[in-house]
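Report on the structure given below.
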Amino acid sequence: MGDETGAQLDLLSGLSGVDPASRDPSPGAAAADGPGSDPQHQLAVPSPAPVSLPTGASSPAPAPTPLAPGTLLIVDTETTGLDPEQDQCLEVGAILFDVASRAVLAQQSFLLPVERNPAESINRIPAAVSCLNQPWRPALSYLQALLDATDVVVAHNASFDRQWFGRSPLPEISHPWLCTMEDIRWPSERQLRSRPSVRDLALAYEIPVWAAHRALTDCVYIAEVFRRCEDLESLLIAGLEPRRLMRACVSYHDRQLARDAGFRWNDPVKGSWTRRLSDRDIAALDFAVEPIEMGGMPESG
């Protein structure tokens, strides 16, 4: 029996790393220490060995923080009507804007000749004036040079302006577009509607409004707003997030919620309140929305 006990102590010492000779074998000591002093109850749990990653392995890198665009080309158009299939663009304004310095780098405005202008009462540009001698062809080349120097094209109501580019004589634009009416969520302290007009946006930033419905004038308003935005970079980053066309899930009695959030009725989907939203926009809403399927796929932008 003694040999078996010794063998057990030797085994336990190998597991626990404790020398059996260092223990007090007297019954008094065992009684003082309690049942836990029995060597059979004192198996030490070995500490886990440190784990090292294989050579070359690393923790997943955090997602990179999006960067704001360095340059913006603010554009605006004046047209003879609303339908690019039947009407024409007769004026283009553009301002190249540097984000970091909040500075205007270049600007241009020019007319394109048209035979008639049904929208003259709005833009005050007679068709005869558009046909006066002026270098509109070299102006188109300069517009392309401005496009080559920018990261993002900006417009107020960009969905309207972008449809005129890529139609002769205007160049096609492959850059990302940012809409200052739809995509940017202006600070709440400016007390703007969810889809502000250029005039309201300018006045909210204390910019005098001296004219309207000329292309370069509206570009100047936007450039002056950007110049006054301390948080312009964050507004641009959020504004460039991917967007999908969403339908507001509201009852007739709650339709004001959708209207206040900038949703439009019957445009572009009949019988629905819709708006293009980013995931960030959706999370901030007080009501549910659902994506609208366009041709079997949710529209994104």
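Tracing side-chain contacts under 4.5 Å through hydrophobic residues (I, L, V, M, F, W, Y), one never reaches Trp177 starting from Ile184; they form parts of separate clusters.
We find that Arg214 and Glu78 are not joined by a salt bridge, their nearest charged nitrogen and carboxylate oxygen being 4.0 Å or further apart. Using a cut-off of 4.0 Å between Lys/Arg side-chain N and Asp/Glu carboxylate O, Glu85 and Arg167 are scored as salt-bridged. Taking 4.0 Å as the cut-off between side-chain N and carboxylate O, Arg102 and Glu233 count as a salt-bridged pair. With respect to the salt-bridge test (charged N to carboxylate O, under 4.0 angstrom), the residues Glu224 and Arg228 qualify.
Ser194 places a side-chain N or O within 3.5 Å of a backbone atom of Gly262 that can act as its donor or acceptor partner. Between the side chain of Asp76 and the backbone N or O of Asp218, no donor-acceptor pair lies under 3.5 Å. When atom types are taken as modelled, the side chain of Asp200 and the backbone of Pro196 share no donor-acceptor pair closer than 3.5 angstrom. A donor-acceptor pair is defined here as one N or O able to donate and one able to accept, closer than 3.5 Å; such a pair exists between the side chain of Ser130 and the backbone of Val114. Checked by atom type and distance alone, the side chain of Asp286 never pairs as donor or acceptor with a backbone atom of Leu257 at under 3.5 Å. Checked by atom type and distance alone, the side chain of Ser272 never pairs as donor or acceptor with a backbone atom of Thr274 at under 3.5 Å.
Checked against the 6.0 Å centroid threshold, Phe226 and Tyr221 do not count as a close aromatic pair.
In this structure, OG on Ser159 lies 8.0 Å from CG on Asp267, to the nearest 0.5 angstrom. How far CG of Asn157 is from OG1 of Thr180: 8.5 Å, rounded to the nearest 0.5 Å. For the atom pair CD1 of Ile95 and OG1 of Thr150, the computed distance is 12.0 Å after rounding to the nearest 0.5 Å. Glu290 contributes atom CD, which lies 11.0 Å from atom CG of Leu245 (distance to the nearest 0.5 angstrom). From Phe160, atom CZ reaches atom CG of Leu82 across 5.5 Å, with rounding to the nearest 0.5 Å. The OG atom of Ser251 sits 11.5 Å away from the CZ atom of Phe287 when rounded to the nearest 0.5 Å.
Counting only residues at least two apart or on different chains, the salt bridge (Lys or Arg N to Asp or Glu O under 4.0 Å) pairs with a member in residues 173-192 are Glu182-Arg195, Glu182-Arg264, Glu182-Arg275, Asp183-Arg243, Asp183-Arg276, Arg185-Asp281. The stretch residues 132-155 participates, sequence neighbours left out, in no salt bridge (Lys or Arg N to Asp or Glu O under 4.0 Å) pair at all.
Partners of Gln88 according to the side-chain hydrogen bond (donor to acceptor under 3.5 Å, both in side chains) rule, which considers only residues two or more places apart in sequence or in another chain, do not exist here.
Using a 4.5 Å heavy-atom cutoff, the side chains of Val92 and Trp164 are not in contact. Between Leu112 and Glu91, the closest side-chain pair of non-hydrogen atoms is not below 4.5 Å. Residues Phe110 and Leu140 meet the side-chain proximity criterion, which asks for heavy atoms closer than 4.5 Å. Looking at Ile125 and Asn117, their side chains come closer than 4.5 Å, going by heavy atoms from C-beta outward. Considering only heavy atoms from C-beta on, Thr79 stays 4.5 Å or farther from Asp87 through its side chain. A heavy-atom distance below 4.5 Å is found between the side chains of Cys229 and Val225.
Of the N and O atoms on the side chains of Thr77 and Asp161, at least one donor lies less than 3.5 Å from an acceptor on the other residue.
For Arg255 and Tyr252, the positive end sits near the middle of the six-membered ring, less than 6.0 Å away and at most 45° from its axis.
A perpendicular orientation is assigned to the rings of Tyr205 and Trp186, their planes being inclined by more than 60° (bins at 30° and 60°).
Open room surrounds CD on Glu206; 12 or fewer heavy atoms of other groups in view lie less than 6.0 Å from it. The number of heavy atoms from other shown groups lying within 6.0 Å of CD1 (Ile122) does not exceed 12.
Partner of Ile74 under the side chain to side chain contact (heavy atoms under 4.5 Å, CB included) criterion, chosen from Ile222, Val153, Leu216: Ile222.
For His156 against Cys179, the heavy-atom pair with the smallest separation is C-SG, 4.5 Å.
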